[in-house]
Structures are given as C-alpha cells and as structure tokens.
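In each ligand, atom 1 is the first atom listed, and ligand 1 is the first ligand listed.
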Amino acid sequence: MQLSVVILAAGQGKRMNSDLPKVLQPLAGAPLLKHVIGTAHALTPGNIYVVYGHGGAQVQAALAHENVEWILQAEQLGTGHAVMQAMCVIPDDHTVLVLYGDVPLISAHTLAKLVAAAREGALAVLSVTVDDASGYGRILRDAQGGVAAIVEHRDANAEQLRIREVNSGLMAAPAGRLREWLLGLGRDNTQREYFLTDVVAGAVQSGNRVEAIAAANALEVAGVNDKIQLAQVEAGYRRQRAESLMLAGATLADPTRIDVRGDVQVGRDVFIDVNTVLIGKVHLAAGVKVGPNCVIADSQIGAGTEIFANSMLDHAVVAQNCRIGPFARLRPGTVMHAEVHIGNFVEVKNTEIGAGSKANHLTYLGDSQVGKDVNVGAGSITCNYDGKNKWPTFIDDGAFIGSGTMMVAPVRIGAGATTGAGSTITASTPEGKLTLERSKQVTVDTWNRPGKLDEQEKADVIARALKPKG
Ligand code: UD1
Ligand code: CA
C-alpha cells in the first residue's frame, strides 16, 4: 500500500508573535518544517504533501529545494480542513500519514508503527502521557479501554481536563476511510474550525478500529506554539544530540553546553569542551580534542588533532595530529596535511598546507599553496587581492618566511628559500637563498625628543602638516 505523507504547515502561529511563519521558526538553525520533511523522507513515502497557506510564499521560498508537493490551503479553517485539501490528490487505496509542521522531533521509528497499524485498517493516533496536559486534546477511552474520542482542551469538562493521556495530533489511516470521516466533520467548537482530531469520533461511529500508539517520549510529540515551547524543544534536541555523541564515544565537558546543529559524527575518545557549536556535516576522528568556545561547521578533523579555545573552522579539511588555535580561523577551502600547526590570530582561506608546516602567530594565508615543513613567521601576509582580482601565492617545501613578510601575489617563494623579516616580496624568490627587501637603517645623531607644546603651537603644526605637499 502506497504511503502519502501530509504535513500541515498553513497555520499562522499567532502565539509566536512573530513576522516569521511558525513553521519557519528555527530549531537547531533549520526551519521547524525542514526537520519534519527530513523525517518524512526517512519513511520513503510515495509522496510528501505540504499544506501551506499563511506566509505561503515565504515558506515555499525557504524550502524551495525540498522534494515535496505543495498544496494550498487558502483559508485556515482548521487541521481537518487542511488535510482535506491534500485528500483531493491522494487515491483511496493509499495509506495517509498526517504530520504537523510544528511538531519537529517526531521519530521515524514511532511513525513506522503508526503507518503499520493504518495498513491493517485502523485509524492510528499517536498519544502520549504527560504530567501537564494543558493545551492538548485529551484521549477519551470507553469502558473496554478502546479509544472513543478526542476532546480539545477548550471544549473539555472538568473531569476530562484531568486526563493526562493526550493526542499528539499525528495520525495515520487508510485514505478512503479518512476521506469519509473528514467529510463528516463539523465546526461545532469554540474555535469554529474543522478539527482533524474529530475524525476519531467519526471512526468510532462507523465501527472502525481506532488504535492509540504511545510515543516513545513527550519530546518527540512536543508541539511548538510559542517561543517558550520553541526553547524547550531546542533544549531537548540539544540534549538528544549530546547523548548520541556520548554514546558514540565522545566525552563532553558539559552535555548541557554543546550545540549540535547538523549531522555530526565522532570517533572514539573525542573530547569536547564547553560552548562548542557544531554545524552541518562535521566529522571528528578518534582522539580529536576541541577546546572551549569553538565553532566548527562542515569540516573534517583527522585523528589526534587538537583545536584550542575560540577557534572557528568552516569547510576545512584537517588531517591527523594538527594543532589549531587558540583564536584561529580556518575559512572555506582550507586543507591541512598531517602535523600542521596554525596558531593564534591566524586566518587561512582557500589554502592547502603541506605536512609539518607551521604558521603560529598573526598571519593571513589566502589562495595559497604551502608546501611541507614551511615556517611562516609572525605577522606574515599573502597580499592576494588587488582590489578587483584574487591571485595565488606558492610557498614551496622547506621555505622560511621571516616575520612580517608581505607576499604580493601572484608570487612564488622557492623551496628552501628564506625571506628577511619585514620584506615586501613582489617578485618570485629563488630556491635555497635569502631574499630581503628593506630600506637601510639609519641613526640620526642630531635628533632630540620634542618638548611639550601649547595649544597654539600644536594648531600651527597640524595646519602645516595637513597642507598637501608639492
Ligand atoms: C493540535 C491538535 C491537538 C494536539 C496538538 C498537539 C487539532 C484540532 N488539535 O492543536 O489535539 O494536542 O495539535 O500539538 O488538530 N494548520 C494548518 N491549517 C489550519 C490549522 C492548522 O495547516 O487551518 C497546521 C498548523 O500550521 C500547525 C498544525 O496544523 O502546524 C497544528 O495546528 P495548531 O493550530 O498548532 O494546533 P494545536 O492548537 O496545537
Ligand atoms: Ca500546535
């Protein structure tokens, strides 16, 4: 039986008090809806329909690259009405799974159970037992313990309000039957909306089996309606991700102080200190150590490499046993071979650095190709930009770049060459030789330190100095 997933994402999210449509609010840096779409894909359905409406153009633009079909719900008349819009394109013999764009942490594992029950002909609703059920629709069970109905918080009486088994809102059903139950919905409630949850009563009336499948935990069915719930879901997500890193062998200095915003893989005995943010696709091989306050995005770090405090890495590929930071910045296109040292206030961009090379202090290496066993002295800079074009610098194996060398690209420093401290190198230098560019040092015997001037004397000096010469 083909599976069609319907994701409800048309609501405004009034309680967010935000110009951003609710389903675009960020969780771990990605829109809520993107998390739901990702989980839906894990079930390999025939189709994923996203019902959109409020802020529609913005929602579609933000998720333009997703492989989904968009279904417009022009007027937001409730969750039942929203599903109805998608039913126009879903054949009766499909199984339908309904997800909410504002319930982002639902697991594919739990959804598979819902789908399996629906394939057996049941209306399968996902329930969860919570300590504080306020705001949720309550599950009403009959004398035999079967599911009888779901009553919304606002429509529940005092006795029903005490029920702690609640509806997550997510459900799966055979498409043909779901269509019939949806056609039977009314708007007889305080919000004057067609509630999806009311299909349960319809199923019960028609004698169809209703199964309540329990969610694994409250977090996976947590709905995000306001900024407090958004922060709670973010904290839960952070905890889950930290736990999976620990299970994979990472030691975290404090599991509550790490942010994992993407697909992060760790080897054994990785250590991560506090306040580190890992973004996108990150791989930390065995034994990698990450100091406090580092940001690592879309990077691969080789075994045994140490990254010291306050370093930022973005699209960097780093081999084993390197040392980076503190306060280093590796920008996109950085490739470091084994045992490279990049020290404090060193910026590297679009540069490959050969094994054993070092740039330990206050340096910029951009658009360059650095060989093996090169030493780049403090304050050296590849001058790669002429205001319009970027140019490459080649620093060959074994070169020694004296402190404060300006390498005006395009330029090559030959293998084993040395540049004198403070040189501005504008022409390529030969292998194995010392090249320097420096004006002659002079000592002025007649010079005296200035005395203290009064305001008028200072004004005269300034006026003379600011007059253009020549
Ligand atoms: C819903 C459920 C409630 C459940 C709770 C769990 C109903 C009637 N109630 O309540 O039983 O406990 O979720 O999170 O289903 N949407 C549309 N079109 C609409 C209305 C809503 O697409 O016309 C979308 C929203 O964008 C949102 C989702 O449906 O993604 C849920 O809507 P929301 O208004 O947040 O429902 P709740 O009041 O949270
Ligand atoms: Ca909600």
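- Atoms of ligand 1 found under 4.0 Å from any heavy atom of G101, numbered from 1 in the order shown, are 30 (O).
- Close N/O approach between V103 and ligand 1 is not found [any backbone or side-chain N/O within under 3.5 Å].
- The Ca ion (ligand 2) sits nearest to atom OD2 when only the N, O or S atoms of D102 are considered.
- Taking any N or O of A10, backbone or side chain, at least one lies under 3.5 Å from an N or O belonging to ligand 1.
- Residue contacts with ligand 1, taken as heavy atom pairs separated by less than 4.0 Å, do not involve R138 at all.
- By heavy-atom distance, the residue among G137, G169, S168 lying nearest atom 14 (O) of ligand 1 is S168.
- In summary, K281 and D263 engage in a salt bridge, as defined by a charged side-chain N under 4.0 Å from a carboxylate O.
- Protein heavy atom nearest atom 7 (C) of ligand 1, with residue, atom name and distance: T79 OG1, 3.5 Å.
- Residue contacts with ligand 1: V221 is placed with no nitrogen or oxygen under 3.5 Å of a nitrogen or oxygen of the ligand (distance criterion only).
- With hydrogens and angles disregarded, no donor-acceptor distance shorter than 3.5 Å links the side chain of H361 to the backbone of V346.
- Looking only at heavy atoms of the protein, atom 24 (C) of ligand 1 is closest to L8 CB, 3.7 Å.
- The protein does not reach atom 36 (O) of ligand 1 closely, with no heavy atom under 4.0 angstrom from it.
- The protein heavy atom nearest to atom 34 (O) of ligand 1 is R15 NH2, 4.1 Å.
- At the shortest separation from atom 39 (O) of ligand 1 among protein heavy atoms lies N225 OD1, 3.5 Å.
- Among the backbone and side-chain atoms of N225, an N, O or S atom lies under 3.0 Å from the Ca ion (ligand 2).
- Within the structure, ligand 1 lacks V166 among the residues with a heavy atom less than 4.0 angstrom away.
- The two atoms that bring A124 and I213 nearest to each other are CB-CG1, 4.5 Å, heavy atoms only.
- Note on ligand 1: K22 sits in its first shell, one or more heavy atoms being nearer than 4.0 Å.
- Considering both main-chain and side-chain atoms, T197 never comes within under 3.5 Å of ligand 1 through any nitrogen or oxygen pair.
- Ion pairing between R331 and E347 holds under the 4.0 Å rule for side-chain N and carboxylate O.
- Among E152, Q73, E193, Q76, the residue whose heavy atom lies closest to atom 17 (C) of ligand 1 is Q73.
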Let me see the working for Q2 and T95 under side-chain hydrogen bond (donor to acceptor under 3.5 Å, both in side chains), right down to the final yes or no.
-> CA-CA 6 Å; Q2 276 253 31; T95 300; over 6 Å; no
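- Between W70 and Y52, the angle of the ring planes goes over 60°, which puts this pair in the perpendicular group of the 30/60° scheme.
- Remark: minimum distance from atom 12 (O) of ligand 1 to any protein heavy atom is reached at N167 O, 2.7 Å.
- Between Y194 and H81, the two ring planes are parallel [angle under 30°; tilted spans 30° to 60°].
- Residue A82 approaches ligand 1 through these ligand atoms, each under 4.0 Å from one of its heavy atoms: 17 (C), 18 (N), 22 (O).
- We find that K388 and D386 are not joined by a salt bridge, their nearest charged nitrogen and carboxylate oxygen being 4.0 Å or further apart.
- Nearest residue to atom 1 (C) of ligand 1 from F195, Y136, Y100, Y194 is Y100 (criterion: closest heavy atom).
- Residues E165 and R141 are paired through a salt bridge, judged by an N-O separation under 4.0 Å between the basic side chain and the carboxylate.
- The protein atom (non-hydrogen) at minimum distance from atom 16 (N) of ligand 1 is G11 N, 3.8 Å.
- No donor-acceptor distance shorter than 3.5 angstrom exists from the side chain of E120 to the backbone of A117, with no hydrogens or angles considered.
- Geometrically, K289 does not engage F271 in a cation-pi contact defined by less than 6.0 Å to the ring centre and at most 45° from the axis.
- Considering both main-chain and side-chain atoms, G135 never comes within under 3.5 Å of ligand 1 through any nitrogen or oxygen pair.
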Test side-chain hydrogen bond (donor to acceptor under 3.5 Å, both in side chains) on E352 and Q369 and set out the steps.
-> CA-CA 5 Å; E352 181 171 358; Q369 185 77 42; 3.2 Å; yes
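- Counting protein heavy atoms only, atom 23 (O) of ligand 1 is closest to G78 N, 2.8 Å.
- By the 4.5 Å heavy-atom criterion applied to side chains, L126 and V221 are counted as neighbours.
- Put simply, no part of R154 is less than 4.0 Å from ligand 1, judged by heavy atoms.
- Remark: ligand 1 atoms within the under-4.0 Å shell around heavy atoms of L77 are 23 (O).
- Under the 3.5 Å distance criterion, the side-chain polar atoms of T351 are left unmatched by any main-chain donor or acceptor of T334.
- By the 4.0 Å N-to-carboxylate-O rule, R187 lies too far from E193 to be salt-bridged with it.
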